[in-house]
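Some notes on the structure that comes next.
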Amino acid sequence: MKGWILMLGAALAALPASAEEVPFNGRTLNVATGQEARPILSMTTTQYVLPLTQAQLLARVPACLSAQGIAATSTDAAQGAVQAEVLTRFRASFASRILRSQLRLDVGEGFFQLSESAFEVAEEADDGAPAYGPLAQSGGIWEKGLETLVEAENRIIDCLYR
């Protein structure tokens with residue numbers, strides 16, 4: 001399995017710079033084109049509007065992330081950007097898998113938007129050292145993984161509206 005992931009990773013590293021936008025569960029996926037594996041580059045929500053200041057929205061973000069077991073890795077209040085690493089587990093193809101990504105919340109006066117990128121997936125390993133590889137739009141694994149992330153994002157969005 002690790003050899004396959006390394007080969008896929010090497011193949012994806014040589015990707016052309018072309019991409020396509022694809023709708024998925026109320027999100028927009030940015031998917032690399034030009035090869036069969038079609039790695040998923042990013043997933044972005046719509047822009048949500050709230051009658052709050054940027055400071056009020058930014059003040060809500062840590063608690064909303066924490067409720068999902070996510071901690072911010074960096075916050076730039078001046079730019080209204082919060083970043084975090086997301087680690088989630090899901091089942092697909094008769095195996096437990098781990099999906100990690102980089103979450104970014106862009107917060108402005110009266111609005112916010114979530115985006116995720118740097119998707120990596122691995123099968124859970126008994127030795128505790130999973131071998132991560134890029135998440136590609138092939139097979140059914142990518143859909144299950146992204147559905148899990150969408151559920152977590154939806155809970156963050158609901159929390160920000162409270």
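We're numbering straight along the sequence, starting at 1.
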> Can you list the steps and then say if R27 with E116 is a salt bridge (charged side-chain N to carboxylate O under 4.0 Å, His left out)?
Replying inline: CA-CA 11 Å; R27 309 296 194 267; E116 292 196 58; over 6 Å; no
>> Strictly below 4.0 Å, N to O, side chains only: are E124 and R89 in salt-bridge contact?
In response: yes
>> Test side chain to side chain contact (heavy atoms under 4.5 Å, CB included) on V22 and N30; report intermediate values, then the result.
In response: CA-CA 6 Å; V22 178; N30 191 356; over 6 Å; no
> Can you name the closest pair of heavy atoms from A72 and T75 and give their distance?
Replying inline: CB-OG1, 4.1 Å
> Should the heavy atoms of other residues, nucleotides or ligands under 6.0 Å from CD of Q79 be counted, would the total exceed 12?
Replying inline: no
> What is the distance from atom CG of L41 to atom OG of S117, rounded to the nearest 0.5 Å?
Replying inline: 9.0 Å
> Can T28 and M43 be said to form a side chain to side chain contact (heavy atoms under 4.5 Å, CB included), step by step?
Replying inline: CA-CA 6 Å; T28 300; M43 177 172 69; over 6 Å; no
> Do side-chain atoms of Q54 reach the backbone of V107 as a donor and acceptor pair under 3.5 angstrom?
Replying inline: yes
>> Do V61 and L160 make a side-chain contact, defined as non-hydrogen atoms from C-beta onward lying under 4.5 Å apart?
In response: yes
> Just how far is it from atom CD of Q47 to atom CG of L114, taken to the nearest 0.5 Å?
Replying inline: 11.5 Å
> If you take all heavy atoms of L149 and V86, which pair is closest and at what distance?
Replying inline: CD2-CG1, 3.7 Å
> Side chains of L105 and L65: closer than 4.5 Å at any heavy-atom pair?
Replying inline: yes
> Would you call the rings of F24 and W142 parallel, tilted or perpendicular, where under 30° means parallel and over 60° means perpendicular?
Replying inline: tilted
> Can R60 and R162 be said to form a side chain to side chain contact (heavy atoms under 4.5 Å, CB included), step by step?
Replying inline: CA-CA 9 Å; R60 292 183 182 189; R162 284 187 219 128; 5.6 Å; no
>> For A136 versus A37, what's the shortest heavy-atom pair and its separation?
In response: CB-O, 3.0 Å
> Which atom pair, heavy atoms only, marks the closest approach of A122 to Y132?
Replying inline: CB-CD2, 3.7 Å
>> Between R97 and V121 (side chain of the first, backbone of the second, donor and acceptor by atom type, cut-off under 3.5 Å), is there such a pair?
In response: no
> Any side-chain donor-acceptor pair under 3.5 Å between R91 and S96?
Replying inline: yes
> Going hydrophobic residue to hydrophobic residue with side-chain gaps under 4.5 angstrom, can you get from L52 over to F111?
Replying inline: no
> Regarding T88 and T148, is there a side-chain donor-to-acceptor distance under 3.5 Å anywhere?
Replying inline: no
> Is it the case that R100 places NZ or CZ above or below the six-membered ring of F119, under 6.0 angstrom from the centre and within 45 degrees of the axis?
Replying inline: no
> Which atom pair, heavy atoms only, marks the closest approach of L57 to F112?
Replying inline: CD2-CD2, 4.3 Å
> Shortest non-hydrogen contact from C64 to I156?
Replying inline: O-CG1, 4.0 Å
> Taking the side chain from Q113 and the backbone from T45, do they hold a donor-acceptor pair closer than 3.5 Å?
Replying inline: yes
> Roughly how far, to the nearest 0.5 Å, is the CD atom of Q102 from the OG atom of S74?
Replying inline: 9.0 Å
>> Whether the side chain of Q56 engages the backbone of T53 through a donor-acceptor N/O pair (distance < 3.5 Å, no angle test) should be reported.
In response: yes
